[in-house]
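Heads up: the structure comes next, in structure tokens.
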Amino acid sequence: MAIYFRTLRENVVDAIRHKIINQELKPGERIVEMELAEEFKTSRGPVREALRQLEHEGLIEYTRNVGCTVKNPDLQESFEIYLIRVNYEILAVKYMSGKIPPETIANMEKVLEKMAALDEKHYAQVYLYDNEFHSELVKMTGLKHLCKLWSELSYGNIVTGYNNVQDKQRVAERQYKVHKEIVDACRTGDAGKICKVVSEHYMRTITRLMKEQGVSDVEVPFARDFLL
């Protein structure tokens with residue numbers, strides 16, 4: 001059996017990430033290095049390194065003379081995250097000519113099973129499962145740079161989704177259905193159909209965020225067409 005050793009920085013990253021996902025650290029809240037170092041019983045060095053990684057992942061942002069705060073993206077930034085992310089996935093599907101490997105579909109189905117059991121109590125898992133599911137579409141290509149670029153947006157997705165959702169129970173319950181549509185499309189082997197379903201999946205997310213934030217179509221400065 002393989003044994004995996006984790007660095008102190010990796011443990012601190014996970015601990016801070018957990019606090020953000022569970023909103024123990026809330027959107028816009030300032031993160032104080034010394035307080036975290038005292039809580040984790042470590043020096044400020046590992047905390048500072050962890051914050052740099054989380055900034056790179058999109059969970060926090062650094063502002064001069066202010067320090068680090070939990071990211072709180074606006075609708076424009078949310079749109080940009082999803083626009084780039086969906087087009088990476090569409091690129092992956094086209095690269096494979098729509099022929100999704102059986103192991104990829106099998107892995108997506110495993111995530112679907114976990115989504116089927118979601119409820120408001122386990123809402124913190126919603127966007128973790130979402131990332132796990134969608135990552136299969138880029139991982140199947142074997143393109144390391146594409147996977148890296150996609151993964152850099154993965155935790156931005158968590159912040160965007162988690163911070164803006166009002167009806168957590170409804171979102172948790174629909175995860176299985178909306179992601180099963182993608183799996184069903186993947187089984188067809190039709191690249192055009194798969195890309196269309198994936199695009200519509202992300203478009204519905206942006207439309208929901210607009211509704212929750214009370215933003216009308218005429219107020220939006222961008223077109224909601226993800227299929228580029």
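The first residue of the sequence shown is numbered 1, and numbering continues consecutively from there.
In this structure, the side chain of T104 does not engage the main chain of I100 through any donor-acceptor pair within 3.5 Å. Checked by atom type and distance alone, the side chain of N87 pairs as donor or acceptor with a backbone atom of L83 at under 3.5 Å. Remark: side-chain polar atoms of E10 are paired, donor with acceptor, to backbone N or O of T7 under 3.5 angstrom. For the pair S199 (side chain) and C195 (backbone), a donor-acceptor distance under 3.5 Å is absent. In this structure, R48 contributes its side chain and E33 its backbone to no donor-acceptor pair below 3.5 Å.
A salt bridge is defined here as a Lys NZ or Arg NE, NH1 or NH2 lying under 4.0 Å from an Asp or Glu carboxylate O, and K114 with E132 meets this definition. For the pair E200 and K196, the salt-bridge criterion is met [side-chain N within less than 4.0 Å of a carboxylate O]. Between E39 and K19, at least one side-chain N (NZ, or NE/NH1/NH2) sits under 4.0 Å from a carboxylate O, which counts as a salt bridge. Between K139 and E103 there is no salt bridge, since none of the side-chain N atoms of the basic residue sits less than 4.0 Å from a carboxylate O of the acidic one.
Between K180 and M115 there is no side-chain heavy-atom pair separated by less than 4.5 Å. For the pair E61/C68, no side-chain contact is recorded, criterion being any heavy-atom separation below 4.5 Å from C-beta on. Side-chain contact check for L153 versus Y82: every heavy-atom pair is 4.5 Å or farther apart. At least one side-chain heavy atom of V70 sits under 4.5 Å from a side-chain heavy atom of I31. Looking at E173 and D119, their side chains never come closer than 4.5 Å, going by heavy atoms from C-beta outward. In this structure the side chain of Y62 never reaches within 4.5 angstrom of the side chain of L51, judged on heavy atoms.
Taking hydrophobic clusters as Ile, Leu, Val, Met, Phe, Trp and Tyr residues chained together by side-chain heavy-atom distances below 4.5 Å, I206 does not share a cluster with V178. V111 and I105 end up in the same hydrophobic cluster when Ile, Leu, Val, Met, Phe, Trp and Tyr side chains are linked at under 4.5 Å. Placement of M96 and L146 within a single hydrophobic cluster is found when ILVMFWY residues are connected by side-chain heavy-atom separations under 4.5 Å, directly or transitively. Residues I16 and L8 fall within the same hydrophobic cluster, defined by Ile, Leu, Val, Met, Phe, Trp and Tyr side chains chained together at heavy-atom separations under 4.5 Å.
Atom OH of Y95 sits in a sparse spot, with 12 or fewer heavy atoms from other residues, nucleotides or ligands closer than 6.0 Å. The local environment of CD in Q53 is crowded, with over 12 non-hydrogen atoms from other residues, nucleotides or ligands closer than 6.0 Å.
Interatomic distance, CG of L149 versus OH of Y88, reported as 4.0 Å (0.5 Å rounding). A distance of 13.5 Å separates CZ of R17 from CG of L25, quoted to the nearest 0.5 Å. Between T188 atom OG1 and K99 atom NZ the span is 8.0 Å, to the nearest 0.5 Å. The CD1 atom of I194 sits 10.0 Å away from atom OG of S97, with the distance rounded to the nearest 0.5 Å. Between the OG1 atom in T141 and the CG atom in L91 there is a gap of 8.0 Å [rounded to 0.5 Å]. Separation of atoms CD1 (I20) and CG (L54) is listed at 5.5 Å; rounding is to 0.5 Å.
The aromatic rings of H179 and H201 stand perpendicular to each other, their planes meeting at an angle above 60°, with 30° marking the opposite boundary.
Heavy-atom minimum distance, M140 versus A92: CE-O, 3.8 Å. Nearest heavy-atom pair across V12 and A50 is CG1-CB, 3.6 Å. Residue V47 comes nearest to T42 through the heavy atom pair CG2-CG2, 4.0 Å, listed as atom of the first residue, atom of the second, then distance.
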Steps toward side chain to side chain contact (heavy atoms under 4.5 Å, CB included) verdict (I60, T69): CA-CA 6 Å; I60 67 173; T69 55; over 6 Å; no
Evaluation steps, salt bridge (charged side-chain N to carboxylate O under 4.0 Å, His left out), between K71 and E77: CA-CA 11 Å; K71 196 75 173 286; E77 187 170 358; 2.6 Å; yes
Check against salt bridge (charged side-chain N to carboxylate O under 4.0 Å, His left out), R85 and D130: CA-CA 12 Å; R85 182 170 143 136; D130 181 83; 2.8 Å; yes
Audit row: W150, N131, side chain to side chain contact (heavy atoms under 4.5 Å, CB included) steps and yes/no: CA-CA 10 Å; W150 183 93; N131 282 337; 4.3 Å; yes
Residue pair E89, Y202: steps toward the side chain to side chain contact (heavy atoms under 4.5 Å, CB included) verdict: CA-CA 11 Å; E89 293 174 27; Y202 279 95; 2.5 Å; yes
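Proximity of the aromatic rings of Y129 and H134 is defined here by a centroid distance below 6.0 angstrom, and this criterion is not met.
By the ring pair (Phe, Tyr, Trp, His ring centres under 6.0 Å) test, Y176 pairs with no residue at all, sequence neighbours left out.
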